[in-house]
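These values consider heavy atoms only, across backbone and side chains, with no hydrogens, waters or symmetry-generated copies.
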Amino acid sequence: QVQLVESGGGLVQPGGSLRLSCAASGIIFSIYTVGWYRQAPGKQRELVARITRGGSMSYVDSVKGRFTISRDNTKKTMYLQMNSLSPEDTAVYYCNANLGPGDYWGQGTQVTVSS
């Protein structure tokens, strides 16, 4: 019943841009903290960006100034605008929604930054 569905991933050249979307259903989206995680081969999953129910945003240092997280509560959708992409950004990106006790996760979308 609860679903988080990511879209927008793909192959992009270094310096390029992508916009990821995460569409939620089955939850009261507006009261959840939502965010993006990523996991690259051989590395642990890391939190990339999050945005609270009040609109407060935070980012991992490596993406500050390049990525922008946003949410549209009417559409129950979260976005991650990724600019100036580097090969180091290559990973599977996962949508997450949290309301204290537990988390919901999307299936992930692949982002590959390569020439």
Side-chain angles (χ1 to χ4, degrees):
Q1 191 68 22
V2 176
Q3 286 194 82
L4 301 175
V5 181
E6 301 98 333
S7 61
L11 175 64
V12 65
Q13 293 185 336
S17 297
L18 285 174
R19 192 190 194 200
L20 305 183
S21 298
C22 172
S25 61
I27 62 171
I28 306 174
F29 181 80
S30 62
I31 67 173
Y32 278 73
T33 292
V34 293
W36 292 94
Y37 289 75
R38 68 185 180 188
Q39 187 164 24
K43 296 184 179 180
Q44 293 189 325
R45 184 186 65 184
E46 69 172 346
L47 175 64
V48 179
R50 63 156 52 106
I51 182 167
T52 70
R53 60 193 286 180
S56 297
M57 297 166 285
S58 59
Y59 303 89
V60 67
D61 286 345
S62 61
V63 310
K64 288 180 179 176
R66 301 188 297 120
F67 290 10
T68 303
I69 191 169
S70 61
R71 65 192 297 167
D72 185 332
N73 289 335
T74 299
K75 296 181 178 179
K76 300 180 71 171
T77 302
M78 174 183 61
Y79 307 95
L80 186 67
Q81 179 66 47
M82 305 186 295
N83 299 326
S84 301
L85 283 162
S86 163
E88 295 180 351
D89 298 313
T90 295
V92 177
Y93 284 70
Y94 297 93
C95 178
N96 170 269
N98 172 261
L99 191 62
D103 296 282
Y104 296 109
W105 295 91
Q107 82 289 347
T109 185
Q110 177 71 48
V111 172
T112 302
V113 185
S114 176
S115 297

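- Annotation: salt bridge (charged side-chain N to carboxylate O under 4.0 Å, His left out) contacts involving residues 104-115, sequence neighbours excluded, are absent.
- Remark: Q107 engages E6 in a side-chain hydrogen bond (donor to acceptor under 3.5 Å, both in side chains) (not counting sequence neighbours).
- Residue pairs that meet the disulfide (SG to SG under 2.5 Å) test with at least one member in residues 61-99, sequence neighbours left out, are C22-C95.
- Applying the side-chain hydrogen bond (donor to acceptor under 3.5 Å, both in side chains) definition to pairs two or more places apart or across chains, those involving residues 41-56 are R38-E46.
- The shortest distance between side-chain heavy atoms of Y32 and Y104 falls below 4.5 Å.
- The side-chain hydrogen bond (donor to acceptor under 3.5 Å, both in side chains) check on N73 picks up R71, with sequence neighbours excluded.
- Applying the salt bridge (charged side-chain N to carboxylate O under 4.0 Å, His left out) test to R66 and every residue at least two apart in sequence or in another chain returns D89.
- Judged as a salt bridge (charged side-chain N to carboxylate O under 4.0 Å, His left out), not a single pair has a partner in residues 96-115 (not counting sequence neighbours).
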May I have the step-by-step check of side-chain contact (heavy atoms from CB on, under 4.5 Å) for V60 and F67, ending in yes or no?
CA-CA 10 Å; V60 67; F67 290 10; over 6 Å; no
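- With sequence neighbours left out, the side-chain contact (heavy atoms from CB on, under 4.5 Å) criterion links Q110 to T90, V92, T112.
- Linking Ile, Leu, Val, Met, Phe, Trp and Tyr whenever their side-chain heavy atoms come within less than 4.5 Å leaves M57 and Y94 in two separate clusters.
- Residues satisfying the side-chain contact (heavy atoms from CB on, under 4.5 Å) criterion with R19, sequence neighbours excluded, are Y79, Q81.
- Residues satisfying the side-chain contact (heavy atoms from CB on, under 4.5 Å) criterion with V111, sequence neighbours excluded, are L18, L20, M82, Y93, V113.
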Take I51 and Y59 through the side-chain contact (heavy atoms from CB on, under 4.5 Å) test and state the conclusion after the steps.
CA-CA 9 Å; I51 182 167; Y59 303 89; over 6 Å; no
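- Remark: side-chain polar atoms of K75 are not paired, donor with acceptor, to backbone N or O of A23 under 3.5 angstrom.
- I28 and L4 fall within the same hydrophobic cluster, where Ile, Leu, Val, Met, Phe, Trp and Tyr residues are linked whenever their side-chain heavy atoms come under 4.5 Å apart, directly or through other members.
- Every ring-ring contact (aromatic ring centres under 6.0 Å, His included) that Y37 has, sequence neighbours left out, goes to W105.
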